[in-house]
Each structure stands twice: as C-alpha cells, then as structure tokens.
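In listed order, ligands and their atoms are each counted from 1. Computation of the quantities below employed the complete heavy-atom set of this structure, encompassing side-chain atoms and omitting hydrogens, waters and symmetry-equivalent molecules.
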Amino acid sequence: MSASSSSVLACLDGVRGWQGELYRDLHAHPELSHQEHRTARLVAGRLTESRCEVHEGVGGTGVVGVLHNGDGPVVLLRADMDALPVLEATGLTYASVEKATVDGAEVPVMHACGHDVHVACLLGAVDVLARTQSHWAGTVVAVFQPAEEVADGARGMIEDGLVDLVGPVDVALCQHVLPFPAGHVATRPGPTLAAADSMRITVHGRGAHGSMPHAAVDPVVLAAMIVVRLQTVVAREVRPGDPAVVTVGSIQAGTKSNVIPDSATILLNIRTYGEATRTAILDAVERIVNAECAASGSPAPAEFELFDRFPVTDNDRQVTERVAAAFADHFGDRAGELPLQTASEDFSDIPTAFGVPYTYWGIGGIDPALYGKAEAAGRIAQDLPVNHSAEFGPVIEPTLETGTTALVVAALAWLTPVGGADQAGSKA
Ligand code: ZN
Ligand code: ZN
C-alpha cells in the first residue's frame, strides 16, 4: 500500500459512524428509476457535510458533488441510485416494504441490484477524501445518477449539461456489487458488459377473411419467416468467438383464427460487446426484415423502433491496469479478474460524453462463509442470489468497507500525492 493511500484510509473509521446506518436507511427506502427524490436529498445532505460543492436536480434527480483540492487531475466517480419493482424476500431486519405506482398500478420496490451499496460507498469515499485533503491534490467529482435500470439516467444528466457543469475530467471510474465474496474486488480490461438494444419491428400485410388467403398479404407468415431468418444473424454473420445474442422475445399478430390480420409486431433483444458487431447486427436485422417484406409483397415499409438501449462497457486497458495495480497493492489476493458479464450498464455514456477513458470493476457482496459453503457443494449458481433477485441482500460488512476503499484507492491512483506531515484525520 502506498504511503499516501494508507494515510488517507486511516480515516475510514470516521466514515463507519454514519455509513452503515445510511445504507440500512437507503435499503429500507428504495425508489424506482426517475423517482429517486428521497435518495437524492440524503445524498445532497451527506455531500454538504463532506464540504463538497453540491449540484442537485441534474437530469431530474441526479446529484453531483465536487471536491476541489488545488491543481491536479480531475477524477469522476459514479454511483447509480435507482431500485427495481421487486418484492423483497431477503428477510433482513431492514428489508424494504416500500410500494410505488407505475402506469397506475402499485408495485413493490427493492434495491435488488445493490445500488444502495454504490451510493453508500461513494458517499463514504468522498468523506474519506474530504477528511484527508492534506494528502492529495486535484478534484474529485462524485456523480449520483438516476435511472440506470431503464438505461436513460446517464443520458439525462448529460443532456441537462453535466459536461459543462463539471468541466474537463481526466478519467471516469465506476463499480458494481456482484454475487462473489464480500471483501474481494475484480477488474477486467476491454469489453466487460454487453451493449443491449431492444427493437420493435412492425410489418404490414393486407387483412382478409381466413378462407381467402389469395386476397391477403399474410403478416403472420411474414413475421414467422423473419423470426426464422433472424436465427442466421449470429450463426452465419458474426465471427465465431465474438459473443452476441439476438432474441425474439415477443411476436404478436391477429385476434381470431379466421381473420388474417393486417400487421404483426416483433420485439427483439440484442446483446453485443463491440460497436462494430452491434452495428453489423442492427444492419442485418433491418436488411432481413426489408427483404422478407419484399418477398411477401408487403404493401408498406416495415417500421423499426429502438428502445432501452445500453452502450457497451469497454474498459480502457491502461486505466484498468492502473486500477488493477493499485488494487493488487492494497487488497493483495483479494483482487482478482472479473469474468465477462452478460448484463448491461449506461455508465459509459458519461465518460463518452466527457471524451475520457474509463474502467468499471466489481466488488463482492456475498457473505464469504455462505459463498464458501456453496462453492464446496458446487452450487454457486443454484444457492446464491444474484442481482435483481428478491433475495439479493449484500452483507453490509465487509462490502461497504471494500467498496469505499476501492473507490479511494482507485481515485488516488490519479490524484497527486502530497507529502509532508501526517495530518490524516485532522479535519475529522
Ligand atoms: Zn440492475
Ligand atoms: Zn445495477
């Protein structure tokens, strides 16, 4: 561990006093995407106590805390704040019983993805850095983002002027709690999380009586041909070894056995790990749909609508190596490699808007004893709850300490170390 990070981390004790309690409060009071009002208020209050410059209401409920500490690198750290419409089944004493209204219907709300961990850890890291400003120089920008789960929270903050508000930054860093042992951290260079695109395709036919197919252009048969032909995109057009998925999740047409309908709607989900593959697949889908429409004599052009789009998370190699080296130095054999993830994230929209490199790492959230038991039984996938599960409840410690430390250690890999007398804790 470097001298500067050990002096800074000596202040972790000052954070423990409020962090666990704040985490339990966040966990018990989750809020859905774009509804993170209470969370944002708590975040802004805590940032103020850490003497940050605080900007609220960025892209709706987004909050930005800036810790200016002289000339030096500018490090952006991001945490997402939103929860999911899941009925919590962790049995924890601080489990959520919150409800929210979505499209007029009441739904349960739960921090089933662990974004409460991210918020508590980033607030902790900012507080540690605020208490130890004599040991480093530069600027820390803490971004608390709404609506990650619906893929548009990062974009919303950018469209609301995040880049102008913050000014130039040198690097962007982010972490996610994942189902591996608490106390461990894991990094990965290159593609790490999939890009995801959902697509609604509407194809047109000509409706007619079910007994008179010669008077119709049947969109049911057209849609069926499209679904079959789409299976060739990954099998025949993507390089073997380049992971990609094209799933038809929904196909809808017609109301009755003896009526040929006049249109059909197909919903696709597409996962890729590189912009070239993503573009190639989207182009192939459009080409196949248009060609099948022509083959059927479809009377009107097909309509394509993309929604719920997540960018690929492609970790910069140099940035990742720098973080991985700092983690190896601090965490020793508790720092490992993160496997390729099939999930998706909108974090990378932020560094892309700033035009800076980034990395995204994982921290463990599972009780190490439970993990060890499941591993010994060869039942990790079956016995341990994963993100978005109603039973996903990260163990508070060492998860919070590890996530807080990881953010501080990674930020210090950029911030300028300042020598001199050890004043750690002097501002606590
Ligand atoms: Zn999630
Ligand atoms: Zn998440």
Side-chain angles (χ1 to χ4, degrees), residues 23 26-27 29-36 39-40 43 59 61-62 77-90 96 98 100 102 107-123 142-157 172-180 182 185-188 192-198 269 271 307-313 315 338-351 358-366 384-395 399-400 402-403 406-407:
Y23 170 74
L26 291 169
H27 190 85
H29 300 101
E31 294 169 301
L32 292 179
S33 307
H34 296 297
Q35 300 179 14
E36 308 90 337
T39 308
V43 165
T61 50
L77 307 169
R78 177 274 210 173
D80 41 11
M81 304 190 287
D82 54 332
L84 288 159
V86 171
L87 181 62
E88 179 154 1
T90 58
S96 163
E98 295 285 331
V102 178
V107 295
V109 190
M110 175 192 173
H111 265 301
C113 203
H115 297 183
D116 46 355
V117 171
H118 308 164
V119 171
C121 290
L122 182 49
L123 287 171
V143 173
F144 294 86
Q145 183 207 301
E148 183 280 329
E149 295 290 358
V150 295
D152 64 3
R155 226 165 36 235
M157 292 187 83
L173 307 172
C174 184
Q175 65 183 7
H176 206 297
V177 62
L178 294 169
F180 61 85
V185 295
T187 56
R188 179 185 184 85
T192 297
L193 299 168
D197 296 273
S198 288
N269 189 254
R271 305 267 165 165
F307 62 99
D308 287 358
R309 307 189 70 186
F310 289 90
V312 67
T313 304
N315 285 336
L338 183 69
L340 186 69
Q341 305 286 303
T342 49
S344 302
E345 251 286 349
D346 70 347
F347 157 66
S348 68
D349 279 337
I350 294 175
Y358 63 88
T359 198
Y360 178 99
W361 66 82
I363 60 169
I366 305 288
L384 299 176
V386 298
N387 303 67
H388 289 206
S389 143
E391 293 174 14
F392 187 70
V395 61
T399 305
L400 294 186
T402 305
L407 288 167

Task: Where the Zn ion (ligand 1) is the vertex, angle from Glu149 OE1 to Cys113 SG to 10° - done: 150°
TODO: Could you tell me how the ring of Tyr358 sits relative to the ring of Phe347: parallel (under 30°), tilted (30 to 60°) or perpendicular (over 60°)?
DONE: perpendicular
Open item on the list: Could you check whether Asp349 pairs with Arg78 (Lys NZ or Arg NE/NH1/NH2 to Asp/Glu carboxylate O, under 4.0 Å)?
Closed with: no
TODO: Please find the N/O/S atom of His388 nearest to the Zn ion (ligand 1) and write down its name.
DONE: NE2
Task: Angular separation of His176 NE2 and His115 NE2 about the Zn ion (ligand 2), given to 10° - done: 120°
TODO: Only one of Val119, Asp116, Leu84 passes side-chain contact (heavy atoms from CB on, under 4.5 Å) with His111; say which it is.
DONE: Asp116
TODO: Among Glu31, Glu36, Gln35, His34, find the one that has a side chain to side chain donor-acceptor pair (under 3.5 Å) with Thr61.
DONE: Glu36
TODO: Flag His118 as yes if one of its N/O/S atoms falls below 2.8 Å of the Zn ion (ligand 2), otherwise no.
DONE: no
